**Student:** 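First, the structure itself, so that you have it in front of you.
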Amino acid sequence: MPVDPLVPAHRHGPAGNGVALLIGHGAIIIGAVPKTPEAALARSLLAWYRRHGRDLPWRRTRDPYRVWVSEVMLQQTTVRAVVPYYRRFLGRFPTLRALARAPLPRVLAAWSGLGYYRRARHLHAAARIIVKDHAGRFPSRPDQVRALPGVGRYTAGALLSIVFGRQEPVVDGNVARVLSRLFLMRGDARGRASQERLWDLARGLVRAAPADPGDLNQALMELGATLCSPLAPRCPLCPVARRCRARAAGAQEAIPGRRRARAPVDLAATLVLVARRGRFLMRRRRRTGLMDGLWEFPALEGDQGGAGAAVSGDLRLEPLERVATLRHTITYRRLRIEVRRARLLSEPRGRDYRWVSPAGARRLPASSLVAKVLGSLPPGQAPRHRV
DNA sequence: TTCCAGGCTT
DNA sequence: AAGCCTGGAA
């Protein structure tokens, strides 16, 4: 058994003793006296979570499929953004088998606007793997869960603890913040040593809550998401503020240290709207690593904003008047986008082109940029007939 | 206008 | 270590 750096060897042992109170004629267990620091923390966190945890849709089920969908959506995405997508997604794909049967474009369409579209591909691929290799039953073995595409250390731990009640730790951004504050971890929280320390701490805590590992993990995440915020944490409301070393040191806002972002790159692009019979021409992106397989309005290549013929992939066209200007950011790219009408000089060919009504565009797999473009068009700029 | 949170993959 | 996306806060 690995030595836990937090706990002196003689402190290892049962988590606590029951304390009985006699009230009237009955004996009532009112709680356990924690024997270890972890047990004390776990007990406070669990009590707080049960009283103050938010009522979220995926907390009303233990269906592995539903919890899995929520966890993948919650990767790099806030609860507020996820909730409507989660409901819609499960409306369209109510079961793992339904998801596995669905064509990928339908899955991507349900994901449109949520970002990080690789997650949707992974989810879909993993559903098919589960049907094929696990008879449609979500695996409960850590190695099998971890082997699914799109399931890393965090997501595996979340699923195993929440759905299968296993004592597996989780460290997401919220947990990392909570733990680095509780244990006053100065220095770069993203370094390898810090990460291992965080996972060790999380493991120690989840093992101190053997009856409710999933709730313990969710309590840590909930605390980070609600009270233990990056800025202005609400320590007076925190169930473990008394045990927080960062707070004792007055350093809660300084921990963990901020990540230095990659310098943004400014780019200019021109998107073209080609209208025909009330529809716009759209094209499906190829595999570039960026919004793979999503539909978009054709972009002019390079610096072709001026007059005359221009090229967009295998398309030749003539840009016309500008109808909108907007900004869009993708990771470190800051795009300044001009939207221009255009006239075709060559006919689009193949499955990667479609003529789409504005309503139809909102049903295709597409990034938020498409919605942004459609929303930026002035009234009366809807597609019109053009000879 | 800028900054930021937020896991997985390669 | 770098890249992926978006919405909301500062």
Side-chain angles (χ1 to χ4, degrees), chain A residues 67-86 108 110-126 145-160 168-178 180 188-192 194-195 198-199 202 217 220-234 253 255-267 285 287-296 325-337 365-373 375:
Chain A
V67 176
W68 174 44
V69 169
S70 78
E71 288 298 341
V72 174
M73 286 188 170
L74 287 164
Q75 292 168 5
Q76 304 297 94
T77 311
T78 57
V79 164
R80 172 200 283 262
V82 163
V83 168
Y85 279 89
Y86 175 83
L108 289 171
W111 208 270
S112 290
L114 197 54
Y116 293 114
Y117 299 95
R118 211 157 29 175
R119 295 180 296 174
R121 294 176 171 275
H122 285 149
L123 197 67
H124 185 242
V145 175
R146 187 68 175 72
L148 297 170
V151 177
R153 200 176 180 183
Y154 161 78
T155 307
L159 287 170
L160 289 162
E168 294 282 343
V170 299
V171 176
D172 67 354
N174 286 316
V175 175
R177 186 169 56 254
V178 169
S180 60
D188 181 9
R190 281 159 298 279
R192 193 183 169 77
S194 296
Q195 281 299 309
L198 289 170
W199 280 93
N217 284 337
L220 281 172
M221 296 190 275
E222 188 76 354
L223 188 61
T226 58
L227 301 182
C228 196
S229 44
L231 296 173
R234 294 149 74 186
E253 287 228 25
I255 294 176
R258 300 269 176 274
R259 162 208 306 263
R260 46 192 177 290
R262 185 202 204 286
V265 175
D266 287 301
L267 296 170
R285 292 182 66 87
R287 308 289 296 256
T288 63
L290 191 69
M291 302 183 290
D292 286 340
L294 303 193
W295 292 79
E296 65 182 5
T325 302
L326 49 92
R327 297 197 153 276
H328 189 70
T329 303
I330 302 176
T331 56
Y332 60 87
R333 299 174 189 80
R334 282 196 305 217
L335 301 171
R336 181 181 174 280
I337 293 172
S367 82
S368 68
L369 179 54
V370 168
K372 205 183 275 191
V373 168

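So that the names make sense, note that chain A is the first sequence line, chain B the second, and so on, each numbered from 1. Nothing here was measured: the structure is a model prediction, and the numbers come from that model.
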**Student:** dG6(B), dC5(C), dC4(C): which one has an atom nearest the side-chain heavy atoms of Q76(A)?
**Tutor:**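 The answer is dG6(B).
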**Student:** State whether H122(A) places a side-chain N or O below 4.0 Å from either non-bridging phosphate oxygen (OP1 or OP2) of dG7(B).
**Tutor:**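 Result: no.
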**Student:** May I ask you to test the M73(A)-L114(A) pair for a side-chain heavy-atom distance under 4.5 Å?
**Tutor:**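 A side-chain contact exists here, since the closest heavy-atom pair is under 4.5 Å.
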**Student:** Expressed as a whole number of angstroms, how long is the span from R285(A):CZ to dC4(C):P?
**Tutor:**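 So the two atoms are 10 Å apart, to the nearest Å.
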**Student:** In terms of the nearest nucleotide of DNA chain B, which residue is placed more toward the 5' end: Y154(A) or T329(A)?
**Tutor:**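 The answer here is T329(A).
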**Student:** Classify the nucleic acid contact of P264(A) as base, sugar-phosphate or nothing, counting any heavy atom under 4.0 Å across all strands shown.
**Tutor:**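 No contact.
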**Student:** Taking only the side-chain heavy atoms of N174(A) (C-beta and beyond), determine which of dT6(C), dG6(B), dG7(B) contains the nearest atom.
**Tutor:**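 Closest nucleotide to the N174(A) side chain: dG6(B).
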**Student:** Side chain of T155(A) only, heavy atoms from C-beta on: which candidate in dG7(B), dG3(C), dG8(C) is closest?
**Tutor:**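 The closest nucleotide is dG7(B).
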**Student:** I need the CZ-C1' distance between R287(A) and dT10(B), as an integer number of Å.
**Tutor:**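 In whole Å, dT10(B) C1' lies 14 Å from R287(A) CZ.
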**Student:** Could you check L231(A) against Y117(A) and say which one's nearest nucleotide on DNA chain C is further toward the 5' end?
**Tutor:**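 Closest to the 5' end, via its nearest nucleotide, is Y117(A).
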**Student:** Toward the 5' end of DNA chain B, which comes first, V151(A) or R327(A), by nearest nucleotide?
**Tutor:**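 On the 5' side of the pair lies R327(A).
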**Student:** Give the rounded distance in Å between these two atoms: CD of E296(A) and P of dC5(C).
**Tutor:**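 E296(A) atom CD is separated from dC5(C) atom P by 12 Å.
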**Student:** Of all the nucleotides listed (dT6(C), dC4(C), dG7(B)), which has the minimum atom distance to the side chain of S368(A)?
**Tutor:**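 For S368(A), the side-chain atoms sit closest to dT6(C).
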**Student:** Between dA5(B), dG3(C), dT6(C), which nucleotide has the shortest distance from any of its atoms to the side chain of R118(A)?
**Tutor:**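 It is dG3(C).
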**Student:** W68(A) CH2 to dC8(B) C1': how many Å, rounded?
**Tutor:**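 Rounding to the nearest Å, CH2 of W68(A) and C1' of dC8(B) are 14 Å apart.
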**Student:** In whole angstrom, what separates W199(A)'s CH2 from dG7(B)'s P?
**Tutor:**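 Answer to the nearest Å: 10 Å.
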**Student:** What's the CG-P distance between L74(A) and dC8(B), to the nearest Å?
**Tutor:**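 Those two atoms, CG and P, are 12 Å apart.
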**Student:** Checking T155(A) against Q75(A): is there a side-chain donor and acceptor pair closer than 3.5 Å?
**Tutor:**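 On atom types as modelled, these side chains qualify, holding a pair under 3.5 Å.
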**Student:** If only side-chain N and O atoms of Y116(A) are considered, is one of them under 4.0 Å from the OP1 or OP2 phosphate oxygen of dG3(C)?
**Tutor:**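 No, Y116(A) has no side-chain N/O under 4.0 Å of OP1/OP2 on dG3(C).
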**Student:** May I have the distance from M73(A) (atom CE) to dT6(C) (atom C1'), rounded to whole angstrom?
**Tutor:**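 It is 14 Å, rounded to the nearest whole Å.
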**Student:** Report yes if some heavy atom in the side chain of T331(A) is under 4.5 Å from a heavy atom in the side chain of L290(A); otherwise report no.
**Tutor:**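 Heavy-atom side-chain distance check fails, nothing below 4.5 Å.
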**Student:** Answer yes or no: does a side-chain N or O of R334(A) lie under 4.0 Å from OP1 or OP2 of dT2(B)?
**Tutor:**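 So the side-chain polar atoms of R334(A) do come within 4.0 Å of the phosphate oxygens OP1 or OP2 of dT2(B), strictly under.
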**Student:** Using a cut-off of less than 4.0 Å, is there contact between a side-chain N or O of R262(A) and OP1 or OP2 of dG3(C)?
**Tutor:**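 Yes, within the criterion.
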**Student:** Within this structure, what is the CZ-to-P distance between R80(A) and dG6(B), rounded to whole angstrom?
**Tutor:**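 Rounding to the nearest Å, CZ of R80(A) and P of dG6(B) are 14 Å apart.
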**Student:** Check every atom of dC5(C), dA5(B), dC8(B) against the side chain of P230(A) and return the nucleotide holding the closest atom.
**Tutor:**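 For the P230(A) side chain, the nearest candidate turns out to be dA5(B).
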**Student:** Output yes when at least one side-chain N/O atom of R177(A) is less than 4.0 Å from OP1 or OP2 of dG6(B), else no.
**Tutor:**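 Affirmative; the distance criterion is met.
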**Student:** Roughly how far, to the nearest 0.5 Å, is CH2 of W295(A) from CG of L108(A)?
**Tutor:**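 Answer for the CG-CH2 pair, L108(A) versus W295(A), is 12.0 Å.
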**Student:** Which heavy atom in S229(A) sits nearest to a heavy atom in R177(A), and how many Å separate them?
**Tutor:**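 Heavy-atom minimum between the residues: C-NE, 3.6 Å.
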**Student:** Going by heavy atoms in the side chains, are R285(A) and Y117(A) under 4.5 Å from each other?
**Tutor:**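 No - every pair of side-chain heavy atoms lies 4.5 Å or more apart.
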